[in-house]
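One structure is given below, encoded as structure tokens.
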Amino acid sequence: MYRAAIIGCGAIHRLHANALQTIPNAQLTAVVDNIKYRAEDAAEMYGCPMYVDYHDVLSDESIDVVHICTPHHLHYSMTMDALEAGKHVLTEKPIATRVSDAEAMVSKAVQVGRRLGVTFQNRYNPNSRRAKELLEEGVLGDILGLKGLVIWHRNESYYNSEDWRGSWDLEGGGVLINQAIHTVDLMQWLGGPVTSVSGQIATHALSDFIEVEDMASGFLKFANGASGVFFATNDFSANCPVEVEIHGTKGSLIVRGDDLLLNGELVDIQSVTGQTVKNKSYWGLGHQDLISSFYTALESNSREYVPGEEGLKALAIIKGFYHSALKGKPIEL
Ligand SMILES: NC(=O)c1ccc[n+]([C@@H]2O[C@H](COP(=O)([O-])OP(=O)(O)OC[C@H]3O[C@@H](n4cnc5c(N)ncnc54)[C@H](O)[C@@H]3O)[C@@H](O)[C@H]2O)c1
């Protein structure tokens, strides 16, 4: 049984807590939030002790795993402290706000012999998993191109809800590093390593409320020679299904919302993966599967989870877009 603590009891922590309650080899043992009432509410909800200072949980030797569900700028320092204290860490995305910090986190996990996982739960959506299998079977032949589209809605009240949102220092960026990072990750997971990127960012509808970008476009070169095009915005009036298309010499695969299309035909995912496609929201419901796989990997010592190295790859692409936008030229990764 792995004893787990959650640091940060805001919007996303419930998905971690709910998953932990169903995982046979995990037990939610403590919750932490520096806003006391949030920690108290979570402690009452999950029947466990609460803390306001995360160092108290790190000094508790009975805790094995720490889930980091705090604002982006805290992921680096909290992960480093937790690894140093001998805990395994599952952090929410992005792994960090700086590539050098993410590199240090990955190295630290190796150095102390603990696991570092990153929450890219959309990899566990049945259509994403099936797309990965089909690509590995070679149904598309050689991959020629990838397309990623994230067209979502965020408004003033979303950005005003927490101080860290919409800030370069605390969030580390806008639609790219927060909302679209999942889709960038899917593109590099399905398309393979990315060697260079160029990007443009802008702030349109939300410019009165945020300093970061609410719209971004990008071009990616993949090591296999494929080209990628990418567009993300928080300025639409609704949250559209995310779309990733992979185009190859033998046809195309489209991951769109819950669906998977191979050469325009819907693929029967359920009969293949054995999973029911849940009535999921536009951003995916893979937390349960991702968190479960992390605990399975702890017990079996396998690599079947989303490790820190993968969080680093997606962050490097995102930061490449930002640097390219600033410098007005492509960035080699
Ligand atoms: N994987 C996903 O699809 C997904 C979805 C939503 C959010 N997230 C990620 O989850 C993380 C949290 O997002 P959120 O929407 O829950 O934010 P939130 O602001 O609702 O919650 C963050 C919580 O962390 C607490 N906190 C801040 N500083 C702390 C400290 N020093 N010690 C302890 N607690 C502290 C805050 O009080 C707050 O309760 C972010 O990294 C975000 O990108 C991921």
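Since the model is a prediction, treat every value here as computed from it, not as a measurement.
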**OP:** With salt bridge (Lys or Arg N to Asp or Glu O under 4.0 Å) as the test, would you mind laying out the steps for Lys313 and Glu309 before giving the verdict?
**Re:** CA-CA 6 Å; Lys313 286 182 198 170; Glu309 290 86 336; over 6 Å; no
**OP:** Check Tyr51 against Ala30 and note the closest heavy-atom contact, atom names and distance.
**Re:** CE1-CB, 3.8 Å
Subject >> Minimum heavy-atom distance Tyr295-His67, with the two atoms named >> reply: OH-NE2, 2.7 Å
Subject >> Trace of the side-chain hydrogen bond (donor to acceptor under 3.5 Å, both in side chains) decision for Tyr76 with Thr97 >> reply: CA-CA 8 Å; Tyr76 166 67; Thr97 55; over 6 Å; no
Subject >> For the student: nearest non-hydrogen atoms of Asp33 and Cys9, plus distance >> reply: OD2-N, 2.7 Å
Subject >> Asn234 and its side-chain hydrogen bond (donor to acceptor under 3.5 Å, both in side chains) partner, picked from Tyr159, Tyr158, Trp152 >> reply: Tyr159
Original post:
Got a donor-acceptor contact below 3.5 angstrom from the Lys93 side chain to the Ala314 backbone?
Top reply: no
Subject >> Residues Gln121 and Asp289: side-chain donor-acceptor under 3.5 angstrom >> reply: no
Original post:
Is any side-chain heavy atom of Val32 closer than 4.5 Å to a side-chain heavy atom of Asp53?
Top reply: no
Original post:
So is Arg123 actually on top of Phe120's ring, under 6.0 Å and inside 45° of the axis?
Top reply: no
**OP:** Might you point out which heavy atoms bring Ser128 and Leu186 nearest each other, and give the distance in Å?
**Re:** OG-CD2, 4.0 Å
**OP:** Would you indicate whether Glu265, at its atom CD, is surrounded by more than 12 heavy atoms from other residues, nucleotides or ligands within a distance under 6.0 Å?
**Re:** no
Original post:
Is any side-chain heavy atom of Leu298 less than 4.5 Å from a side-chain heavy atom of Thr296?
Top reply: no
Subject >> Side-chain donor/acceptor of Ser207 to backbone N/O of Thr203, under 3.5 Å >> reply: no
**OP:** Could you walk me through whether Glu61 and Lys87 pass salt bridge (Lys or Arg N to Asp or Glu O under 4.0 Å), step by step?
**Re:** CA-CA 9 Å; Glu61 289 184 0; Lys87 314 301 183 195; over 6 Å; no
Original post:
Within the distance-only criterion (no hydrogens, no angle test), does the side chain of His75 pair as donor or acceptor with the backbone N or O of Pro94 below 3.5 angstrom?
Top reply: yes
**OP:** Tell me yes or no: between the side chains of His16 and Glu92, is some donor less than 3.5 Å from an acceptor?
**Re:** yes
**OP:** Compute whether any side-chain donor of one residue and acceptor of the other, for Arg165 and Asn160, lie under 3.5 angstrom apart.
**Re:** no
**OP:** Might you work through the salt bridge (Lys or Arg N to Asp or Glu O under 4.0 Å) test for Arg130 and Glu133, ending with a clear yes or no?
**Re:** CA-CA 5 Å; Arg130 185 61 187 139; Glu133 287 170 0; 2.7 Å; yes
Original post:
Which class fits the ring pair His88 and Tyr2: parallel under 30°, tilted 30 to 60°, perpendicular over 60°?
Top reply: perpendicular
**OP:** Begin with the C-alpha distance, continue with both residues' side-chain angles, and end with the deciding distance and a verdict on salt bridge (Lys or Arg N to Asp or Glu O under 4.0 Å) for Arg98 and Glu103.
**Re:** CA-CA 9 Å; Arg98 283 189 287 254; Glu103 287 169 345; over 6 Å; no
**OP:** Would you indicate whether the side-chain heavy atoms of Leu176 and Tyr322 approach each other to under 4.5 Å?
**Re:** yes
**OP:** Check for a donor-acceptor pair, side chain of Asp214 on one end and backbone N or O of Leu206 on the other, with a separation under 3.5 Å.
**Re:** yes
Original post:
Does the pair Trp164 and His73 meet the rule for a ring pair (Phe, Tyr, Trp, His ring centres under 6.0 Å), with working shown?
Top reply: CA-CA 9 Å; Trp164 62 277; His73 66 296; 7.7 Å; no
Original post:
Going through the checks in order, is the side-chain hydrogen bond (donor to acceptor under 3.5 Å, both in side chains) test met by Ser167 and Asp169?
Top reply: CA-CA 5 Å; Ser167 145; Asp169 281 348; 5.4 Å; no
Subject >> Distance-minimising heavy-atom pair for Ala226 and Leu146 >> reply: CB-CD1, 4.4 Å
Original post:
Do the ring planes of His13 and Tyr46 sit parallel (below 30°), tilted (30 to 60°) or perpendicular (above 60°)?
Top reply: perpendicular
Subject >> Gap separating the CG atom of Leu149 from the OG atom of Ser217, nearest 0.5 angstrom >> reply: 11.5 Å
**OP:** Take Val139 and Lys250 through the test side-chain contact (heavy atoms from CB on, under 4.5 Å) and record every step on the way to the result.
**Re:** CA-CA 7 Å; Val139 293; Lys250 295 184 188 168; over 6 Å; no
Original post:
Quick one: does Cys48's side chain get under 4.5 Å of Val31's, heavy atoms only?
Top reply: yes
Original post:
What heavy-atom pair brings Ala102 and Ile95 nearest, and what distance separates the two atoms?
Top reply: CB-CG2, 3.7 Å
Original post:
Do you reckon Trp189 sits in the same ILVMFWY cluster as Val106, going by side-chain contacts under 4.5 Å, direct or chained?
Top reply: yes
Original post:
Given side chains that start at C-beta, do those of Ile317 and Leu220 come closer than 4.5 Å, heavy atoms only?
Top reply: yes
Subject >> Main-chain N/O of Asp142 paired with Thr249 side-chain donor or acceptor, under 3.5 Å >> reply: yes
Subject >> Main-chain N/O of Asp258 paired with Asn127 side-chain donor or acceptor, under 3.5 Å >> reply: yes
**OP:** Apply the test side-chain contact (heavy atoms from CB on, under 4.5 Å) to residues Ile7 and Met78: give CA-CA distance (whole Å), side-chain angles for both, the deciding distance (0.1 Å), then the verdict.
**Re:** CA-CA 9 Å; Ile7 305 178; Met78 287 181 167; 3.9 Å; yes
Subject >> Check against side-chain contact (heavy atoms from CB on, under 4.5 Å), Thr29 and Asp60 >> reply: CA-CA 11 Å; Thr29 312; Asp60 180 344; 5.8 Å; no
**OP:** Flag the pair Glu213 and Arg154 as a salt bridge only when some basic side-chain nitrogen lies within less than 4.0 angstrom of an acidic carboxylate oxygen.
**Re:** no
Original post:
Would the number of heavy atoms belonging to other residues, nucleotides or ligands and lying under 6.0 Å from CD of Glu162 be above 12?
Top reply: yes
Subject >> Cation over ring face, Arg115 and Tyr305, 6.0 Å, 45° >> reply: no
Original post:
Within the side chain of Ser196, is there an N or O that forms a donor-acceptor pair under 3.5 Å with the backbone of Pro330?
Top reply: no
Original post:
Got a sec: does the CD of Gln200 have more than 12 other heavy atoms crowding it under 6.0 Å?
Top reply: no
**OP:** Go through Glu332 and Thr195 one step at a time and tell me if the side-chain hydrogen bond (donor to acceptor under 3.5 Å, both in side chains) criterion holds.
**Re:** CA-CA 6 Å; Glu332 299 295 324; Thr195 54; 5.4 Å; no
Original post:
Under a 4.5 Å cut-off applied to non-hydrogen side-chain atoms, are Lys132 and Leu190 in contact?
Top reply: yes
Original post:
Under 4.5 Å between any side-chain heavy atoms of Val229 and Phe219, yes or no?
Top reply: yes
Original post:
Does the side-chain contact (heavy atoms from CB on, under 4.5 Å) test come out yes or no for Val150 and Phe231, once each step is laid out?
Top reply: CA-CA 6 Å; Val150 183; Phe231 178 76; over 6 Å; no
Original post:
Hey, does the side chain of Thr79 reach the backbone of Ser77 with a donor-acceptor pair shorter than 3.5 angstrom?
Top reply: no
Original post:
Ignoring hydrogens and geometry, is there a side-chain-to-backbone donor-acceptor pair from Glu245 to Val255 under 3.5 Å?
Top reply: no
Subject >> CG on Leu253 to CG on Leu140, rounded to 0.5 Å >> reply: 4.5 Å
Original post:
Any Lys/Arg nitrogen of Glu243 or Arg256 sitting under 4.0 Å from an Asp/Glu carboxylate oxygen of the other?
Top reply: yes
Subject >> Donor-acceptor contact present, side-chain Thr91 to main-chain Val118, <3.5 Å >> reply: no
Original post:
When you look at CG of Asp259, are more than 12 heavy atoms from neighbouring residues, nucleotides or ligands closer to it than 6.0 Å?
Top reply: yes
